[in-house]
There are 2 protein chains.
Amino acid sequence: MKPKKKTAGIRRSPCAVACTLDIVGDKWSLLVIRDLLQGNVTYGELQNSREGIPTNILADRLKKLEEAGLVSKSAYQEHPVRYRYALTAKGESLKDVLRAIVQWGKENIPGTVVLSRR
Amino acid sequence: MKPKKKTAGIRRSPCAVACTLDIVGDKWSLLVIRDLLQGNVTYGELQNSREGIPTNILADRLKKLEEAGLVSKSAYQEHPVRYRYALTAKGESLKDVLRAIVQWGKENIPGTVVLSRR
DNA sequence: CCGGATCCGGTCTGATACTG
DNA sequence: CAGTATCAGACCGGATCCGG
């Protein structure tokens with residue numbers, strides 16, 4: 001089913017930029033982290049976020065972010081098990097990166113806004 | 001044969017994060033920008049950078065970054081036309097984002113270094 | 001040779017359908 | 001509601017080809 005994942009994630013250098021981008025250098029990961037920072041913590045909340053992330057991509061990113069130690073999940077309900085997602089300290093420290101990105105976008109892409117809360 | 005390519009780049013929200021990530025939210029763009037900041041300005045210099053970007057990807061990224069107004073190219077030689085690539089002010093201002101990324105990588109990925117110069 | 005375009009196989013994305 | 005399965009098509013990455 002899922003024996004190995006050996007595709008494009010191979011990194012040959014210890015460069016901090018490259019390694020960081022291997023973790024969050026795609027279109028969705030940072031958006032998920034951004035939503036988590038804003039208080040969207042359940043699967044549904046994340047899915048109904050503004051950008052409309054496809055459900056399979058969301059599940060995949062949550063899994064990868066968890067494996068990378070940026071996100072942790074904990075059950076908040078037992079009967080059908082339901083999880084709440086939270087950023088670890090490592091994940092939360094990415095907010096400095098997000099802040100820089102937001103700032104750049106505001107200054108360089110006309111018409112964009114901060115949207116810090118739904 | 002390739003008039004418009006607008007597949008996954010569709011923007012549904014004016015969110016500054018999402019829009020910024022649509023421009024540089026992939027594995028290579030920020031690395032190219034990083035190399036340009038470091039003084040690698042010809043095609044060959046960029047290609048021989050540490051990460052080993054495939055040539056077609058490099059050409060594609062340079063084109064897209066130019067279209068996005070982050071990079072400009074100018075001929076520095078005529079006989080076979082050779083170009084030198086440079087960051088525009090807009091592109092150069094991304095160094096704040098890169099700085100945040102470097103910092104996060106250094107603090108959170110053991111074994112990574114800054115590699116600020118070859 | 002160098003800068004870049006083209007080809008092609010394989011991987012991943014993204015929309016939807018489906019399951020519990 | 002919270003995810004998994006599926007599948008076509010987009011995209012990546014390596015190799016090769018081409019123009020100056």
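Just so we're clear, the structure is a prediction, and the values are computed from it rather than from any experiment. Sequence lines set the chain letters: A, B, ... in the order given, protein chains first and strands last, and positions in each chain run from 1.
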Reckon [X] has a side-chain N or O less than 4.0 Å from the OP1 or OP2 of [N]?
X	N	answer
B/Tyr85	C/dG4	yes
B/Lys63	C/dG4	no
B/Lys73	C/dG3	no
B/Trp28	D/dC12	no

Checklist entry - What's the shortest heavy-atom distance between B/Glu92 and B/Leu87, and which atoms? => result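 Of all heavy-atom pairs spanning B/Glu92 and B/Leu87, the closest is N-CB, 4.0 Å.
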Checklist entry - Thinking salt bridges, do A/Arg99 and A/Asp96 make one under a 4.0 Å N-O criterion? => result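 Salt bridge between A/Arg99 and A/Asp96, a charged N being under 4.0 Å from a carboxylate O: yes.
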How long is the line joining [atom1] of [X] and [atom2] of [N], in whole Å?
X	N	atom1	atom2	result
B/Gln47	C/dC1	CD	C1'	13 Å
A/Glu45	D/dC1	CD	P	11 Å
B/Ile53	D/dG13	CD1	C1'	10 Å
B/Leu46	C/dG3	CG	P	10 Å
A/His79	D/dC1	NE2	P	18 Å
B/Lys64	D/dA10	NZ	C1'	10 Å
A/Asp22	D/dC12	CG	P	14 Å
A/Leu62	D/dC1	CG	P	17 Å

Next on the checklist: So if I take every side-chain heavy atom of B/Arg61 and compare against D/dC12, D/dG20, D/dT16, which nucleotide ends up nearest?
Outcome noted: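 Closest nucleotide among those given: D/dC12.
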Item to check | B/Tyr43 and B/Thr55: side chain donor to acceptor below 3.5 Å | outcome: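 There is such a pair (donor and acceptor under 3.5 Å, judged by atom type) between the side chains of B/Tyr43 and B/Thr55.
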Checklist entry - At under 4.0 Å between heavy atoms, what does A/Arg84 touch on the DNA or RNA strands: base, sugar-phosphate, or nothing? => result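 It contacts nothing in the nucleic acid.
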Next on the checklist: Classify A/Tyr76 by what it touches in the nucleic acid, base, sugar-phosphate, or nothing, heavy-atom distance under 4.0 Å.
Outcome noted: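 Sugar-phosphate, backbone atoms only, no base.
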Checklist entry - How far apart are the C-alpha atoms of A/Lys64 and A/Ser29, what are their side-chain angles, what is the distance that settles it, and do they pass the side chain to side chain contact (heavy atoms under 4.5 Å, CB included) test? => result CA-CA 9 Å; A/Lys64 285 185 177 157; A/Ser29 296; over 6 Å; no
Checklist entry - Are A/Lys73 and A/Tyr83 in a cation-pi setup, meaning NZ or CZ lies under 6.0 angstrom from the ring centre and within 45 degrees of the ring axis? => result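 Judged by the rule, A/Lys73 and A/Tyr83 form a cation-pi pair.
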Next on the checklist: So, under a plain 3.5 Å distance rule, would you say the side chain of B/Asn56 forms a donor-acceptor pair with the base of D/dG14?
Outcome noted: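 Flag set: donor-acceptor pair detected.
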Item to check | First encountered from the 5' end of DNA chain C, between A/Ile57 and A/Arg82 | outcome: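 That would be A/Ile57.
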